[in-house]
Novice: 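Here it is, the structure, as structure tokens.
Atoms within a ligand are numbered from 1 in the order they appear, just like the ligands themselves.
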Amino acid sequence: MSDTLEQLAAVLDARRSADPDNSYVAQLHHRGLNKILEKVGEEATETLLAAKDFEVDDARSRQDLVGEVADLWFHSLVMLSHLDIDHREVLAELARRAGVSGLDEKASRQRDS
Ligand SMILES: N=c1c2ncn([C@@H]3O[C@H](COP(=O)(O)OP(=O)(O)OP(=O)(O)O)[C@@H](O)[C@H]3O)c2ncn1[C@@H]1O[C@H](COP(=O)(O)O)[C@@H](O)[C@H]1O
């Protein structure tokens with residue numbers, strides 16, 4: 001999975017300077033941050049609607065949900081690339097959190113505030 005992410009990130013990087021007539025990603029960069037954020041918001045909404053409709057024994061609803069999450073991840077990666085943030089920073093943040101219970105982390109934040 002991480003290979004797929006690495007390969008996609010490399011393609012997204014190259015598309016920043018590609019011709020918008022030949023590339024959807026270049027088109028998004030060309031249209032700017034607001035358009036990219038609009039797509040992230042749209043895909044997030046479509047993801048939660050697909051999740052609400054998900055039925056465990058229905059292959060179609062599984063495919064719908066998987067497809068929407070892929071659209072959301074993809075557009076989030078375009079957003080990071082547009083803002084010059086390396087996706088590996090997100091992976092490093094997730095790695096940093098590994099093994100830290102969300103409940104413990106929340107309790108420590110409440111103690112600190
Ligand atoms: N993973 C994706 C990917 N996932 C989704 N999409 C596109 O994201 C769009 C999803 O938006 P919608 O479903 O809302 O479609 P739409 O109505 O056409 O979108 P808008 O007109 O509202 O912008 C579709 O056009 C999909 O084809 C993707 N486009 C590209 N990639 C990857 O990015 C690479 C580079 O793509 P290009 O820049 O187009 O060469 C590709 O080789 C793929 O690996």
Side-chain angles (χ1 to χ4, degrees):
M1 169 196 148
S2 153
D3 277 357
T4 307
L5 208 53
E6 291 300 319
Q7 283 160 15
L8 177 57
V11 172
L12 296 188
D13 205 30
R15 291 298 196 269
R16 287 186 62 172
S17 52
D19 182 348
D21 286 341
N22 302 323
S23 154
Y24 174 70
V25 175
Q27 226 170 70
L28 284 174
H29 288 299
H30 186 73
R31 296 177 76 176
L33 181 61
N34 282 351
K35 179 63 191 178
I36 296 170
L37 297 182
E38 184 187 307
K39 292 303 296 179
V40 172
E42 200 179 295
E43 303 305 348
T45 303
E46 285 170 10
T47 294
L48 65 88
L49 292 175
K52 280 186 88 68
D53 287 344
F54 177 70
E55 288 172 36
V56 73
D57 295 325
D58 179 359
R60 174 71 189 271
S61 88
R62 175 177 295 267
Q63 189 46 48
D64 284 348
L65 179 55
V66 168
E68 295 303 347
V69 173
D71 282 349
L72 178 59
W73 287 11
F74 164 72
H75 285 90
S76 298
L77 286 169
V78 174
M79 177 193 70
L80 290 175
S81 167
H82 191 80
L83 297 172
D84 271 330
I85 297 173
D86 193 313
H87 75 284
R88 284 170 295 193
E89 287 185 46
V90 178
L91 293 180
E93 176 62 18
L94 286 173
R96 188 190 64 77
R97 294 178 188 182
V100 179
S101 155
L103 294 177
D104 291 344
E105 185 275 334
K106 188 172 181 174
S108 80
R109 256 189 296 131
Q110 283 164 350
R111 268 198 306 276
D112 293 345
S113 65

Novice: Answer whether the closest heavy-atom distance between the side chains of H29 and S81 falls below 4.5 Å.
Specialist: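 Of all side-chain heavy-atom pairs linking S81 with H29, at least one is under 4.5 Å.
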Novice: Measure the shortest side-chain to side-chain distance between L80 and V90 over non-hydrogen atoms and say whether it is less than 4.5 angstrom.
Specialist: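 When only atoms from C-beta onward are counted, V90 and L80 do touch, with a gap below 4.5 Å.
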Novice: Protein heavy atoms: any of them under 4.0 Å from atom 31 (N) of ligand 1?
Specialist: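 Protein heavy atoms within 4.0 Å of atom 31 (N) of ligand 1 - there is at least one.
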Novice: I need the M79 CE to L12 CG distance, nearest 0.5 Å.
Specialist: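 CG of L12 is found 12.0 Å from CE of M79.
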Novice: Hey, does V25 come in under 3.5 Å of ligand 1, counting only N/O atoms on both sides?
Specialist: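 N/O-N/O distance below 3.5 Å exists for this pair.
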Novice: Take atom 42 (O) of ligand 1 and look for protein heavy atoms under 4.0 Å from it; say yes if you find one, no if not.
Specialist: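 So far as the 4.0 Å threshold goes, atom 42 (O) of ligand 1 is out of reach of every protein heavy atom.
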Novice: For atom 44 (O) of ligand 1, grab the closest protein heavy atom and report residue, atom and distance to one decimal in Å.
Specialist: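 Of every protein heavy atom, L8 CD1, 3.7 Å lies nearest to atom 44 (O) of ligand 1.
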Novice: Mark whether atom 9 (C) of ligand 1 lies under 4.0 angstrom from at least one protein heavy atom.
Specialist: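 Given the 4.0 Å limit, the answer for atom 9 (C) of ligand 1 is yes, a protein heavy atom qualifies.
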Novice: Considering non-hydrogen atoms of the protein only, which is the closest contact for atom 34 (C) of ligand 1, and what is the distance?
Specialist: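 The closest one turns out to be V11 CG1, 3.8 Å.
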Novice: From atom 19 (O) of ligand 1, work out which of K39, H75, E43 has a heavy atom at the shortest distance.
Specialist: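 Ranked by closest heavy atom to atom 19 (O) of ligand 1, first place is K39.
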Novice: Looking at atom 21 (O) of ligand 1, tell me if a protein heavy atom falls under 4.0 Å from it.
Specialist: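 Given the 4.0 Å cut-off, atom 21 (O) of ligand 1 does not count as touching protein heavy atoms.
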Novice: Classify the ring geometry of H75 against Y24: parallel below 30°, tilted from 30° to 60°, perpendicular beyond 60°.
Specialist: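 Because their plane-to-plane angle is over 60°, the rings of H75 and Y24 count as perpendicular.
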Novice: State plainly whether one hydrophobic cluster holds both L49 and V56, where clusters connect Ile, Leu, Val, Met, Phe, Trp and Tyr through side-chain heavy atoms under 4.5 angstrom apart.
Specialist: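 No, because L49 and V56 fall into different hydrophobic clusters, even though each may have its own neighbours under 4.5 Å.
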Novice: Which heavy atom of the protein is the closest neighbour of atom 5 (C) of ligand 1, given with residue, atom name and distance?
Specialist: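 Protein heavy atom with the smallest distance to atom 5 (C) of ligand 1: D71 OD1, 3.5 Å.
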Novice: Is there side-chain contact between H87 and D13, with at least one heavy-atom pair below 4.5 Å?
Specialist: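 Answer no - side chains too far apart.
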Novice: Quick one: does I36's side chain get under 4.5 Å of L83's, heavy atoms only?
Specialist: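 When only atoms from C-beta onward are counted, L83 and I36 do not touch, as no gap falls below 4.5 Å.
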Novice: Considering heavy atoms of the protein only, find what lies nearest to atom 38 (O) of ligand 1 and give residue, atom and distance to 0.1 Å.
Specialist: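 The answer is S23 OG, 2.5 Å.
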Novice: Consider ligand 1: state whether an atom of it lies below 4.0 angstrom from any non-hydrogen atom of E42.
Specialist: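 For ligand 1, residue contact (heavy atoms, under 4.0 Å) with E42 is present.
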Novice: Considering only non-hydrogen protein atoms, determine which one is nearest to atom 29 (N) of ligand 1 and report residue, atom name and distance to 0.1 Å.
Specialist: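 For atom 29 (N) of ligand 1, the nearest protein heavy atom is F74 CZ, 3.4 Å.
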Novice: Would you verify that at least one protein heavy atom lies under 4.0 Å from atom 26 (C) of ligand 1, or report that none does?
Specialist: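 Answer no: nothing from the protein, no heavy atom, is under 4.0 Å.
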Novice: Starting at CD of Q27, measure out to CG of D19 and round the result to the nearest 0.5 Å.
Specialist: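 Reported to 0.5 Å precision, the distance equals 9.5 Å.
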Novice: Write out the residue and atom name of the closest protein heavy atom to atom 39 (O) of ligand 1, then the distance separating them to 0.1 Å.
Specialist: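 Protein heavy atom with the smallest distance to atom 39 (O) of ligand 1: Y24 N, 2.8 Å.
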Novice: Is there a side-chain contact between V66 and F54 in this structure, where contact means two heavy atoms from C-beta onward sitting under 4.5 Å apart?
Specialist: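 No. Closest side-chain heavy atoms not under 4.5 Å.
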